[in-house]
There are 2 protein chains.
Amino acid sequence: MAAPAPEETETGTLHEQIVAKLRAVLLNGELADGARIPEAQLCLRFGISRTPLREALKVLAAEGFIELRPNRGSIVAPIDPVEVGHLFEMKGSVEHMIGRLAAVRATDVDAARIERAHAELGGHPDPAVYTALNQDFHRALAVATHNPVLVQTYDNLQKRVLRLRFVVNENPTRVAQSFGEHEGIMVAFRARARLDLAERLEEHNRLTGEAVRRALKGEGA
Amino acid sequence: MAAPAPEETETGTLHEQIVAKLRAVLLNGELADGARIPEAQLCLRFGISRTPLREALKVLAAEGFIELRPNRGSIVAPIDPVEVGHLFEMKGSVEHMIGRLAAVRATDVDAARIERAHAELGGHPDPAVYTALNQDFHRALAVATHNPVLVQTYDNLQKRVLRLRFVVNENPTRVAQSFGEHEGIMVAFRARARLDLAERLEEHNRLTGEAVRRALKGEGA
DNA sequence: CGACGATATTTTGCATTCAAAAATGACCCG
DNA sequence: CGGGTCATTTTTGAATGCAAAATATCGTCG
(Lines give C-alpha, C1' and ligand atoms only; values in the text may rest on other atoms or scores of the structure.)
Protein backbone atom coordinates (compact mmCIF):
# COMPACT_ATOMS: atom_id res chain seq x y z
CA MET A 1 0.00 0.00 0.00
CA ALA A 2 2.43 2.65 1.13
CA ALA A 3 4.61 1.92 -1.84
CA PRO A 4 8.09 3.18 -1.05
CA ALA A 5 9.04 2.46 -4.63
CA PRO A 6 10.86 5.50 -5.96
CA GLU A 7 9.01 6.88 -8.94
CA GLU A 8 10.93 7.51 -12.09
CA THR A 9 10.72 11.27 -11.56
CA GLU A 10 14.21 11.55 -10.14
CA THR A 11 14.86 15.26 -9.86
CA GLY A 12 17.65 16.75 -7.86
CA THR A 13 16.37 18.08 -4.58
CA LEU A 14 14.17 16.12 -2.27
CA HIS A 15 11.82 19.08 -2.27
CA GLU A 16 11.38 18.81 -6.02
CA GLN A 17 10.62 15.14 -5.66
CA ILE A 18 7.92 15.82 -3.12
CA VAL A 19 6.38 18.45 -5.38
CA ALA A 20 6.44 16.00 -8.28
CA LYS A 21 4.88 13.20 -6.26
CA LEU A 22 2.22 15.47 -4.90
CA ARG A 23 1.46 16.78 -8.35
CA ALA A 24 1.19 13.20 -9.57
CA VAL A 25 -1.39 12.48 -6.89
CA LEU A 26 -3.42 15.44 -8.06
CA LEU A 27 -3.02 14.60 -11.75
CA ASN A 28 -3.99 10.99 -11.20
CA GLY A 29 -7.34 12.17 -9.99
CA GLU A 30 -6.90 10.31 -6.71
CA LEU A 31 -8.37 13.30 -4.95
CA ALA A 32 -11.67 14.63 -6.14
CA ASP A 33 -11.99 18.28 -7.07
CA GLY A 34 -12.65 20.40 -4.06
CA ALA A 35 -11.59 17.62 -1.71
CA ARG A 36 -9.59 18.53 1.35
CA ILE A 37 -5.91 17.66 1.10
CA PRO A 38 -5.27 14.95 3.69
CA GLU A 39 -1.98 16.24 5.02
CA ALA A 40 -1.43 13.55 7.62
CA GLN A 41 -2.26 10.77 5.19
CA LEU A 42 0.13 12.08 2.56
CA CYS A 43 2.85 12.47 5.17
CA LEU A 44 2.48 8.82 6.07
CA ARG A 45 2.46 7.81 2.44
CA PHE A 46 5.54 9.81 1.50
CA GLY A 47 7.31 9.06 4.75
CA ILE A 48 7.92 12.70 5.55
CA SER A 49 6.70 15.18 8.12
CA ARG A 50 4.32 18.02 7.54
CA THR A 51 6.97 20.72 7.11
CA PRO A 52 8.31 19.61 3.71
CA LEU A 53 4.85 18.55 2.60
CA ARG A 54 3.44 21.97 3.32
CA GLU A 55 6.29 23.57 1.40
CA ALA A 56 5.23 21.51 -1.59
CA LEU A 57 1.60 22.49 -1.03
CA LYS A 58 2.47 26.16 -1.24
CA VAL A 59 4.29 25.59 -4.51
CA LEU A 60 1.40 23.64 -5.99
CA ALA A 61 -0.96 26.36 -4.80
CA ALA A 62 1.12 28.98 -6.61
CA GLU A 63 0.87 26.83 -9.73
CA GLY A 64 -2.89 26.75 -9.44
CA PHE A 65 -3.42 23.09 -8.59
CA ILE A 66 -4.41 23.72 -5.03
CA GLU A 67 -6.49 26.34 -3.33
CA LEU A 68 -5.28 27.63 0.01
CA ARG A 69 -7.97 28.76 2.37
CA PRO A 70 -6.89 30.72 5.44
CA ASN A 71 -7.04 28.54 8.52
CA ARG A 72 -9.31 26.09 6.75
CA GLY A 73 -6.84 23.87 4.96
CA SER A 74 -6.13 23.32 1.30
CA ILE A 75 -8.44 21.82 -1.26
CA VAL A 76 -7.91 20.47 -4.75
CA ALA A 77 -8.61 23.40 -7.03
CA PRO A 78 -12.03 22.77 -8.59
CA ILE A 79 -12.17 22.61 -12.35
CA ASP A 80 -13.94 25.68 -13.64
CA PRO A 81 -15.23 25.22 -17.21
CA VAL A 82 -14.79 28.92 -17.87
CA GLU A 83 -11.17 28.72 -16.78
CA VAL A 84 -10.67 25.70 -18.99
CA GLY A 85 -11.65 27.87 -21.94
CA HIS A 86 -9.15 30.51 -20.89
CA LEU A 87 -6.50 27.86 -20.41
CA PHE A 88 -6.86 26.54 -23.95
CA GLU A 89 -7.03 30.04 -25.36
CA MET A 90 -3.73 30.88 -23.72
CA LYS A 91 -2.18 27.60 -24.75
CA GLY A 92 -3.32 28.17 -28.32
CA SER A 93 -1.23 31.30 -28.50
CA VAL A 94 1.79 29.44 -27.14
CA GLU A 95 1.23 26.59 -29.59
CA HIS A 96 1.27 29.06 -32.44
CA MET A 97 4.55 30.46 -31.19
CA ILE A 98 5.97 26.95 -30.87
CA GLY A 99 5.10 26.26 -34.48
CA ARG A 100 6.70 29.45 -35.74
CA LEU A 101 9.93 28.91 -33.81
CA ALA A 102 10.31 25.14 -33.92
CA ALA A 103 10.02 25.10 -37.70
CA VAL A 104 13.01 27.38 -37.94
CA ARG A 105 15.14 26.37 -34.97
CA ALA A 106 14.77 22.61 -34.69
CA THR A 107 18.08 20.81 -34.95
CA ASP A 108 18.53 17.31 -36.31
CA VAL A 109 18.47 16.00 -32.77
CA ASP A 110 15.19 17.80 -32.11
CA ALA A 111 13.72 16.48 -35.33
CA ALA A 112 14.75 12.93 -34.49
CA ARG A 113 13.17 13.22 -31.06
CA ILE A 114 9.97 14.61 -32.50
CA GLU A 115 9.83 11.88 -35.17
CA ARG A 116 10.38 9.21 -32.55
CA ALA A 117 7.67 10.62 -30.26
CA HIS A 118 5.29 10.76 -33.20
CA ALA A 119 6.08 7.19 -34.21
CA GLU A 120 5.54 5.90 -30.68
CA LEU A 121 2.19 7.63 -30.57
CA GLY A 122 1.07 5.71 -33.62
CA GLY A 123 1.97 2.43 -32.01
CA HIS A 124 -0.11 3.04 -28.92
CA PRO A 125 -3.69 3.89 -29.78
CA ASP A 126 -4.75 3.10 -26.21
CA PRO A 127 -6.23 6.33 -24.82
CA ALA A 128 -4.44 6.14 -21.47
CA VAL A 129 -1.02 5.58 -23.00
CA TYR A 130 -1.81 8.03 -25.76
CA THR A 131 -2.21 10.87 -23.28
CA ALA A 132 1.25 10.38 -21.82
CA LEU A 133 2.98 10.01 -25.19
CA ASN A 134 1.00 12.94 -26.52
CA GLN A 135 2.56 15.10 -23.83
CA ASP A 136 6.03 13.91 -24.88
CA PHE A 137 5.32 14.73 -28.51
CA HIS A 138 4.13 18.25 -27.87
CA ARG A 139 6.84 18.89 -25.33
CA ALA A 140 9.46 17.80 -27.87
CA LEU A 141 8.12 20.45 -30.22
CA ALA A 142 8.27 23.04 -27.46
CA VAL A 143 11.86 22.11 -26.65
CA ALA A 144 12.74 22.49 -30.34
CA THR A 145 12.10 26.23 -30.02
CA HIS A 146 15.23 26.39 -27.86
CA ASN A 147 13.52 28.93 -25.63
CA PRO A 148 13.57 27.66 -22.04
CA VAL A 149 11.19 30.36 -20.86
CA LEU A 150 8.67 29.20 -23.44
CA VAL A 151 9.17 25.58 -22.40
CA GLN A 152 8.58 26.50 -18.79
CA THR A 153 5.46 28.48 -19.60
CA TYR A 154 4.20 25.70 -21.83
CA ASP A 155 4.89 23.06 -19.19
CA ASN A 156 2.85 24.97 -16.69
CA LEU A 157 -0.15 25.25 -19.00
CA GLN A 158 0.20 21.66 -20.15
CA LYS A 159 0.24 20.37 -16.59
CA ARG A 160 -2.98 22.19 -15.89
CA VAL A 161 -4.55 20.74 -18.99
CA LEU A 162 -3.38 17.29 -17.99
CA ARG A 163 -5.69 17.42 -15.03
CA LEU A 164 -8.58 17.26 -17.48
CA ARG A 165 -7.47 14.20 -19.40
CA PHE A 166 -9.66 11.82 -17.47
CA VAL A 167 -12.70 13.44 -19.02
CA VAL A 168 -11.41 13.28 -22.55
CA ASN A 169 -9.02 10.35 -22.90
CA GLU A 170 -11.90 7.95 -22.67
CA ASN A 171 -12.91 9.08 -26.10
CA PRO A 172 -11.38 6.85 -28.82
CA THR A 173 -12.93 8.94 -31.56
CA ARG A 174 -11.09 12.02 -30.42
CA VAL A 175 -7.87 10.03 -30.03
CA ALA A 176 -8.03 8.87 -33.63
CA GLN A 177 -8.90 12.36 -34.81
CA SER A 178 -6.05 13.76 -32.74
CA PHE A 179 -3.54 11.42 -34.29
CA GLY A 180 -4.75 12.47 -37.70
CA GLU A 181 -4.01 16.07 -36.79
CA HIS A 182 -0.57 15.00 -35.62
CA GLU A 183 0.08 13.55 -39.08
CA GLY A 184 -0.68 16.94 -40.55
CA ILE A 185 1.53 18.61 -37.98
CA MET A 186 4.40 16.32 -38.95
CA VAL A 187 3.97 17.13 -42.62
CA ALA A 188 4.24 20.81 -41.86
CA PHE A 189 7.16 20.24 -39.52
CA ARG A 190 9.12 18.14 -42.01
CA ALA A 191 8.63 20.88 -44.57
CA ARG A 192 9.70 23.41 -41.93
CA ALA A 193 6.65 25.43 -42.91
CA ARG A 194 6.50 28.07 -40.19
CA LEU A 195 2.99 29.36 -40.47
CA ASP A 196 1.47 26.10 -41.58
CA LEU A 197 2.94 24.34 -38.56
CA ALA A 198 1.87 27.18 -36.26
CA GLU A 199 -1.70 27.12 -37.52
CA ARG A 200 -1.97 23.36 -37.38
CA LEU A 201 -0.75 23.32 -33.80
CA GLU A 202 -3.14 26.08 -32.83
CA GLU A 203 -6.02 24.35 -34.54
CA HIS A 204 -5.12 21.04 -32.92
CA ASN A 205 -5.17 22.77 -29.56
CA ARG A 206 -8.50 24.39 -30.35
CA LEU A 207 -10.09 21.07 -31.27
CA THR A 208 -8.72 19.40 -28.16
CA GLY A 209 -10.08 22.24 -26.09
CA GLU A 210 -13.50 21.87 -27.64
CA ALA A 211 -13.48 18.12 -27.02
CA VAL A 212 -12.61 18.74 -23.40
CA ARG A 213 -15.29 21.36 -22.96
CA ARG A 214 -17.85 19.12 -24.64
CA ALA A 215 -16.85 16.27 -22.34
CA LEU A 216 -17.06 18.55 -19.33
CA LYS A 217 -20.56 19.58 -20.26
CA GLY A 218 -21.56 16.03 -21.04
CA GLU A 219 -20.36 14.70 -17.74
CA GLY A 220 -22.27 17.50 -16.08
CA ALA A 221 -19.31 18.27 -13.81
CA MET B 1 6.76 54.93 -5.35
CA ALA B 2 5.86 51.31 -5.14
CA ALA B 3 2.33 52.08 -4.08
CA PRO B 4 0.81 48.79 -2.92
CA ALA B 5 -2.60 49.38 -4.37
CA PRO B 6 -5.14 46.80 -3.19
CA GLU B 7 -5.15 44.75 -6.35
CA GLU B 8 -6.92 41.46 -6.58
CA THR B 9 -3.57 39.92 -5.81
CA GLU B 10 -4.00 41.12 -2.24
CA THR B 11 -4.90 37.78 -0.78
CA GLY B 12 -5.49 37.75 2.88
CA THR B 13 -3.18 34.87 3.58
CA LEU B 14 -0.13 35.65 5.61
CA HIS B 15 1.80 33.30 3.38
CA GLU B 16 0.99 35.38 0.31
CA GLN B 17 2.11 38.50 2.11
CA ILE B 18 5.44 36.93 2.98
CA VAL B 19 5.92 35.85 -0.62
CA ALA B 20 5.11 39.38 -1.76
CA LYS B 21 7.49 40.97 0.73
CA LEU B 22 10.25 38.57 -0.17
CA ARG B 23 9.70 39.19 -3.84
CA ALA B 24 9.86 42.92 -3.18
CA VAL B 25 13.24 42.48 -1.52
CA LEU B 26 14.50 40.66 -4.58
CA LEU B 27 12.98 43.13 -7.03
CA ASN B 28 14.39 46.10 -5.16
CA GLY B 29 17.83 44.79 -5.84
CA GLU B 30 18.68 44.76 -2.14
CA LEU B 31 20.37 41.43 -2.65
CA ALA B 32 22.97 41.16 -5.37
CA ASP B 33 22.64 38.46 -7.98
CA GLY B 34 24.06 35.21 -6.79
CA ALA B 35 24.08 36.40 -3.18
CA ARG B 36 23.09 33.96 -0.48
CA ILE B 37 19.66 34.52 0.97
CA PRO B 38 20.16 35.53 4.60
CA GLU B 39 17.39 33.49 6.14
CA ALA B 40 17.99 34.51 9.74
CA GLN B 41 18.19 38.18 8.84
CA LEU B 42 14.97 38.11 6.86
CA CYS B 43 13.23 36.26 9.69
CA LEU B 44 14.23 39.03 12.06
CA ARG B 45 13.14 41.68 9.59
CA PHE B 46 9.75 40.11 8.89
CA GLY B 47 9.22 39.03 12.48
CA ILE B 48 8.57 35.43 11.54
CA SER B 49 10.34 32.14 12.02
CA ARG B 50 12.14 30.14 9.41
CA THR B 51 9.27 27.78 8.59
CA PRO B 52 6.99 30.27 6.80
CA LEU B 53 9.97 32.05 5.29
CA ARG B 54 11.22 28.84 3.75
CA GLU B 55 7.79 28.12 2.33
CA ALA B 56 7.98 31.46 0.58
CA LEU B 57 11.49 30.67 -0.63
CA LYS B 58 10.27 27.50 -2.30
CA VAL B 59 7.54 29.41 -4.09
CA LEU B 60 9.94 32.07 -5.29
CA ALA B 61 12.32 29.35 -6.41
CA ALA B 62 9.55 27.75 -8.46
CA GLU B 63 8.94 31.16 -10.03
CA GLY B 64 12.56 31.43 -11.01
CA PHE B 65 13.67 34.24 -8.72
CA ILE B 66 15.73 32.05 -6.44
CA GLU B 67 18.01 29.12 -7.03
CA LEU B 68 17.84 26.29 -4.54
CA ARG B 69 21.05 24.36 -4.02
CA PRO B 70 20.88 21.11 -2.09
CA ASN B 71 22.19 21.56 1.42
CA ARG B 72 23.96 24.74 0.40
CA GLY B 73 21.28 27.33 0.79
CA SER B 74 19.45 29.50 -1.70
CA ILE B 75 20.90 32.24 -3.83
CA VAL B 76 19.37 35.07 -5.83
CA ALA B 77 19.03 33.67 -9.33
CA PRO B 78 21.73 35.29 -11.43
CA ILE B 79 20.61 37.27 -14.46
CA ASP B 80 21.53 35.39 -17.60
CA PRO B 81 21.60 37.66 -20.68
CA VAL B 82 20.61 34.74 -22.90
CA GLU B 83 17.61 34.03 -20.72
CA VAL B 84 16.66 37.70 -20.86
CA GLY B 85 16.38 37.35 -24.61
CA HIS B 86 14.16 34.32 -24.23
CA LEU B 87 12.09 36.14 -21.66
CA PHE B 88 11.34 39.05 -23.98
CA GLU B 89 10.71 36.72 -26.89
CA MET B 90 8.10 34.89 -24.86
CA LYS B 91 6.60 38.08 -23.54
CA GLY B 92 6.40 39.45 -27.08
CA SER B 93 4.08 36.64 -28.04
CA VAL B 94 1.89 37.31 -25.04
CA GLU B 95 1.84 41.04 -25.78
CA HIS B 96 0.61 40.27 -29.28
CA MET B 97 -2.16 38.16 -27.83
CA ILE B 98 -3.05 40.91 -25.37
CA GLY B 99 -3.40 43.35 -28.24
CA ARG B 100 -5.63 41.06 -30.28
CA LEU B 101 -7.93 40.30 -27.36
CA ALA B 102 -7.98 43.58 -25.48
CA ALA B 103 -9.00 45.49 -28.59
CA VAL B 104 -12.09 43.34 -28.87
CA ARG B 105 -12.99 42.58 -25.28
CA ALA B 106 -12.18 45.73 -23.35
CA THR B 107 -15.20 47.13 -21.54
CA ASP B 108 -15.75 50.78 -20.76
CA VAL B 109 -14.37 50.17 -17.30
CA ASP B 110 -11.25 48.58 -18.76
CA ALA B 111 -10.85 51.45 -21.21
CA ALA B 112 -11.20 54.00 -18.43
CA ARG B 113 -8.58 52.22 -16.36
CA ILE B 114 -6.20 52.03 -19.29
CA GLU B 115 -6.72 55.70 -20.15
CA ARG B 116 -6.10 56.67 -16.55
CA ALA B 117 -2.92 54.59 -16.33
CA HIS B 118 -1.69 56.13 -19.56
CA ALA B 119 -2.45 59.66 -18.37
CA GLU B 120 -0.63 59.10 -15.09
CA LEU B 121 2.38 57.86 -16.99
CA GLY B 122 2.56 61.11 -18.89
CA GLY B 123 2.56 63.09 -15.69
CA HIS B 124 5.51 61.23 -14.20
CA PRO B 125 8.46 61.27 -16.53
CA ASP B 126 10.77 60.31 -13.64
CA PRO B 127 12.30 56.96 -14.61
CA ALA B 128 11.83 55.30 -11.22
CA VAL B 129 8.16 56.24 -11.01
CA TYR B 130 7.73 55.51 -14.70
CA THR B 131 8.66 51.88 -14.21
CA ALA B 132 5.98 51.28 -11.61
CA LEU B 133 3.25 53.09 -13.55
CA ASN B 134 4.37 51.37 -16.72
CA GLN B 135 3.61 48.04 -15.07
CA ASP B 136 0.16 49.28 -14.17
CA PHE B 137 -0.52 50.40 -17.71
CA HIS B 138 0.48 47.13 -19.33
CA ARG B 139 -1.26 45.11 -16.69
CA ALA B 140 -4.46 47.04 -17.31
CA LEU B 141 -4.25 46.03 -20.94
CA ALA B 142 -3.70 42.40 -19.94
CA VAL B 143 -6.70 42.51 -17.61
CA ALA B 144 -8.80 43.88 -20.46
CA THR B 145 -8.44 40.54 -22.25
CA HIS B 146 -10.65 39.08 -19.54
CA ASN B 147 -8.55 35.93 -19.58
CA PRO B 148 -7.23 35.28 -16.05
CA VAL B 149 -4.85 32.56 -17.25
CA LEU B 150 -3.28 35.07 -19.60
CA VAL B 151 -3.05 37.65 -16.82
CA GLN B 152 -1.36 35.14 -14.57
CA THR B 153 1.11 34.10 -17.26
CA TYR B 154 1.78 37.73 -18.11
CA ASP B 155 2.28 38.65 -14.46
CA ASN B 156 4.88 35.96 -14.08
CA LEU B 157 6.85 37.12 -17.09
CA GLN B 158 6.47 40.76 -16.14
CA LYS B 159 7.76 40.14 -12.65
CA ARG B 160 10.84 38.51 -14.05
CA VAL B 161 11.39 41.44 -16.36
CA LEU B 162 10.95 43.85 -13.48
CA ARG B 163 14.12 42.51 -11.92
CA LEU B 164 16.01 44.10 -14.79
CA ARG B 165 14.59 47.57 -14.48
CA PHE B 166 17.54 48.94 -12.50
CA VAL B 167 19.71 48.54 -15.56
CA VAL B 168 17.31 50.29 -17.90
CA ASN B 169 15.24 52.77 -15.92
CA GLU B 170 18.23 55.04 -15.57
CA ASN B 171 17.91 55.81 -19.24
CA PRO B 172 15.75 58.94 -19.79
CA THR B 173 16.06 58.61 -23.53
CA ARG B 174 14.46 55.20 -23.52
CA VAL B 175 11.75 56.43 -21.14
CA ALA B 176 10.79 59.22 -23.52
CA GLN B 177 10.87 56.85 -26.47
CA SER B 178 8.79 54.36 -24.51
CA PHE B 179 6.13 56.92 -23.77
CA GLY B 180 6.01 57.78 -27.44
CA GLU B 181 5.28 54.14 -28.20
CA HIS B 182 2.56 54.21 -25.58
CA GLU B 183 0.92 57.07 -27.43
CA GLY B 184 0.79 54.93 -30.53
CA ILE B 185 -0.55 52.03 -28.51
CA MET B 186 -3.35 54.23 -27.21
CA VAL B 187 -4.26 55.36 -30.69
CA ALA B 188 -4.61 51.76 -31.79
CA PHE B 189 -6.50 50.86 -28.66
CA ARG B 190 -8.98 53.72 -28.94
CA ALA B 191 -9.66 52.64 -32.51
CA ARG B 192 -9.99 49.04 -31.26
CA ALA B 193 -7.66 48.05 -34.09
CA ARG B 194 -6.81 44.44 -33.24
CA LEU B 195 -3.74 43.77 -35.28
CA ASP B 196 -2.40 47.29 -35.10
CA LEU B 197 -2.59 47.20 -31.31
CA ALA B 198 -1.06 43.73 -31.21
CA GLU B 199 1.85 44.70 -33.40
CA ARG B 200 2.49 47.93 -31.55
CA LEU B 201 2.58 46.09 -28.24
CA GLU B 202 4.88 43.45 -29.63
CA GLU B 203 7.16 46.07 -31.13
CA HIS B 204 7.18 48.06 -27.90
CA ASN B 205 8.21 44.91 -26.07
CA ARG B 206 10.92 44.20 -28.61
CA LEU B 207 12.40 47.68 -28.27
CA THR B 208 12.31 47.48 -24.49
CA GLY B 209 14.03 44.13 -24.67
CA GLU B 210 16.74 45.52 -26.91
CA ALA B 211 17.27 48.46 -24.57
CA VAL B 212 17.64 46.08 -21.66
CA ARG B 213 20.05 43.85 -23.51
CA ARG B 214 22.07 46.84 -24.62
CA ALA B 215 22.17 48.09 -21.03
CA LEU B 216 23.19 44.66 -19.80
CA LYS B 217 26.05 44.55 -22.28
CA GLY B 218 27.04 48.12 -21.48
CA GLU B 219 27.20 47.46 -17.77
CA GLY B 220 29.30 44.43 -18.57
CA ALA B 221 27.49 42.49 -15.86
C1' DC C 1 55.25 32.06 3.56
C1' DG C 2 51.63 29.30 1.66
C1' DA C 3 49.07 24.93 1.39
C1' DC C 4 46.85 21.34 3.67
C1' DG C 5 44.05 19.14 7.30
C1' DA C 6 41.59 18.80 11.69
C1' DT C 7 38.34 21.03 14.56
C1' DA C 8 34.80 24.49 15.80
C1' DT C 9 30.99 27.15 14.19
C1' DT C 10 27.29 28.11 11.39
C1' DT C 11 23.73 26.83 8.32
C1' DT C 12 20.53 23.79 6.42
C1' DG C 13 16.65 20.59 6.31
C1' DC C 14 13.35 18.31 8.61
C1' DA C 15 10.84 16.48 12.74
C1' DT C 16 8.55 17.77 16.62
C1' DT C 17 5.89 20.70 19.46
C1' DC C 18 2.55 24.22 20.74
C1' DA C 19 -1.07 27.72 20.48
C1' DA C 20 -4.99 29.09 18.00
C1' DA C 21 -8.70 28.30 14.94
C1' DA C 22 -12.16 25.40 12.92
C1' DA C 23 -14.94 21.21 12.81
C1' DT C 24 -17.47 18.03 15.54
C1' DG C 25 -20.52 16.55 18.78
C1' DA C 26 -23.05 16.78 23.18
C1' DC C 27 -26.25 19.09 25.67
C1' DC C 28 -29.87 22.26 26.85
C1' DC C 29 -33.84 24.97 25.95
C1' DG C 30 -37.84 26.39 23.46
C1' DC D 1 -38.55 17.34 17.94
C1' DG D 2 -35.71 21.22 16.10
C1' DG D 3 -32.51 24.99 16.89
C1' DG D 4 -28.94 26.94 19.25
C1' DT D 5 -25.02 27.14 22.54
C1' DC D 6 -21.02 25.43 24.64
C1' DA D 7 -17.36 21.96 25.42
C1' DT D 8 -14.33 18.56 23.04
C1' DT D 9 -11.62 16.98 19.39
C1' DT D 10 -9.21 17.69 15.27
C1' DT D 11 -6.71 20.42 12.17
C1' DT D 12 -4.07 24.19 10.94
C1' DG D 13 -0.15 27.44 11.06
C1' DA D 14 4.03 28.63 12.89
C1' DA D 15 8.00 28.34 16.44
C1' DT D 16 11.36 25.55 18.23
C1' DG D 17 14.66 21.76 18.49
C1' DC D 18 17.92 18.59 16.59
C1' DA D 19 20.98 15.92 13.52
C1' DA D 20 23.63 16.28 9.36
C1' DA D 21 26.01 18.91 6.15
C1' DA D 22 28.72 22.70 4.83
C1' DT D 23 31.59 26.63 5.96
C1' DA D 24 34.96 28.97 8.57
C1' DT D 25 38.80 29.00 11.76
C1' DC D 26 43.01 27.75 13.17
C1' DG D 27 47.18 24.97 13.73
C1' DT D 28 50.61 22.32 11.58
C1' DC D 29 53.81 21.09 8.26
C1' DG D 30 56.39 21.42 3.94
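Owing to the predicted nature of the structure, the values given are computational and were not obtained by experimental measurement. Here is the naming used below: chain letters follow the sequence lines, and residue numbers restart at 1 for every chain. The basis for the numbers below is simple: all heavy atoms, side chains too, and nothing from hydrogens, waters or symmetry mates.
Rounded to whole Å, the distance from CG on Leu53(B) to P on dT11(C) is 14 Å.
Between the side chains of Thr107(A) and Asp110(A), at least one donor-acceptor pair of N or O atoms lies under 3.5 Å. Side-chain contact of His146(B) with His86(A): a donor-acceptor pair under 3.5 Å is absent, judged by distance alone. Between the side chains of Tyr154(A) and Thr145(A), no donor-acceptor pair of N or O atoms lies under 3.5 Å.
A salt bridge does not link Arg163(A) with Glu63(A): every distance from a Lys NZ or Arg NE/NH1/NH2 to an Asp or Glu carboxylate oxygen is 4.0 Å or more.
Although no hydrogens or angles enter the test, the distance criterion places a donor-acceptor pair under 3.5 Å between the side chain of Asp33(A) and the main chain of Ile79(A). For Arg165(B) (side chain) and Leu27(B) (main-chain N/O), a donor-acceptor pair under 3.5 Å exists by modelled atom type. Using a distance-only test at 3.5 Å, with no hydrogens or angles considered, a donor-acceptor pair links the side chain of Arg69(B) to the main chain of Arg72(B).
Relative ring orientation between His138(A) and His204(A) is described as parallel, the plane-to-plane angle staying below 30° on a 0-90° scale split at 30° and 60°.
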Assign a letter to each nucleotide of nucleotides 14-20 of chain C from its 5' end: B, base within under 4.0 Å of a protein heavy atom; S, sugar-phosphate only; -, no contact. SBB----
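With a cutoff of under 4.0 Å to any heavy atom of chain B, the contacted region of DNA chain D is bounded 5' to 3' by dA14(D) to dT23(D).
When the nearest nucleotides of DNA chain C are assigned to Arg36(A) and Ala40(B) by heavy-atom distance, the more 5′-ward of the two goes with Ala40(B).
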